[in-house]
Q: 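Sharing a structure, written as structure tokens. Questions coming.
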Amino acid sequence: MLFKGLEISQTGMAAQKIRIDIVSSNLANINSTNDINTEPYRRKIPVFEAVLDSEMEEGKNLPLAKVRVKEVVEDPSPFKLKYDPSNPLADENGYVRLPNIDPMREMVDMMSAMRSYEANLTSFNTHKDMLLKALEILRV
């Protein structure tokens, strides 16, 4: 029970790291195209879930929960179309299908993930400082 706060903050940081990795992957593929017979890259979205701590003792019903990435799903929104009849990947109407990625939305997701990561890191450091202060009190 003593280190649960550290463990919870660590799971939050790990989940946000995965979220930032997925946003980076989306941004890296923003202009990627495939041949005319296959679909372009689809935007990926992480889905988080709370994991209730199973080590609840009698009389200490603290609803502690960790977080983890449940799954990574693909965004079903339609692909972007760009009119470029000179492109060899254009269809019969002259349109090239591009990934369904909006760079502004990705940047907002990245900023949100960074803020959540920083909040978990602050929580982790505060909990660590409290544990160190408790050890100093016991030394005296």
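Note that the structure is predicted; figures quoted are calculated from it, not measured.
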Q: Tell me, please, which residues at least two apart from I20 pass side chain to side chain contact (heavy atoms under 4.5 Å, CB included).
A: S24, A113, M114

Q: Tell me who clusters with M104, hydrophobic residues only, linked when side chains sit under 4.5 Å apart either directly or through other members.
A: none

Q: Are any non-hydrogen side-chain atoms of P40 and S32 less than 4.5 angstrom apart?
A: no

Q: May I ask you to decide if K44's main-chain N or O and N26's side chain share a donor-acceptor pair within less than 3.5 Å?
A: yes

Q: Linking directly or through intermediates, with side-chain heavy atoms under 4.5 Å: list the remaining ILVMFWY members grouped with F79, chain and number order.
A: none

Q: Could you check if a side-chain atom of P78 sits within less than 4.5 angstrom of a side-chain atom of N100, using non-hydrogen atoms only?
A: no

Q: Does E136 have any salt bridge (Lys or Arg N to Asp or Glu O under 4.0 Å) partners at least two apart in sequence or in another chain, and if so, which?
A: none

Q: Going by the rule salt bridge (Lys or Arg N to Asp or Glu O under 4.0 Å), which residues pair with R43 if we only count those two or more places apart in sequence or in a different chain?
A: D75, E106, D109

Q: Under the salt bridge (Lys or Arg N to Asp or Glu O under 4.0 Å) test, which residues partner K82, sequence neighbours left out?
A: none

Q: Can you pull the salt bridge (Lys or Arg N to Asp or Glu O under 4.0 Å) pairs that have at least one residue in residues 6-18, sequence neighbours excluded?
A: K4-E7, E7-K66, K17-D21

Q: What residues form a side chain to side chain donor-acceptor pair (under 3.5 Å) with T33, not counting sequence neighbours?
A: none

Q: For T38, which residues count as a side chain to side chain contact (heavy atoms under 4.5 Å, CB included) partner, sequence neighbours excluded?
A: N34, D35

Q: Which residues end up grouped with V73 if you chain together Ile, Leu, Val, Met, Phe, Trp and Tyr wherever their side-chain heavy atoms are less than 4.5 Å apart?
A: I45, V47

Q: Listing request: all ring-ring contact (aromatic ring centres under 6.0 Å, His included) pairs with a residue in residues 14-41, at least two apart in sequence or in separate chains.
A: none

Q: Can you list the residues that meet the ring pair (Phe, Tyr, Trp, His ring centres under 6.0 Å) rule with Y95, with sequence neighbours excluded?
A: Y83

Q: Is there side-chain contact between M13 and F124, with heavy atoms separated by less than 4.5 Å?
A: yes

Q: Quick one, E71 and E49 - any side-chain contact, counting heavy atoms below 4.5 Å?
A: no

Q: Whether the R19 and S112 side chains hold a donor-acceptor pair (N or O, under 3.5 Å, no angle test) is what I'd like checked.
A: yes

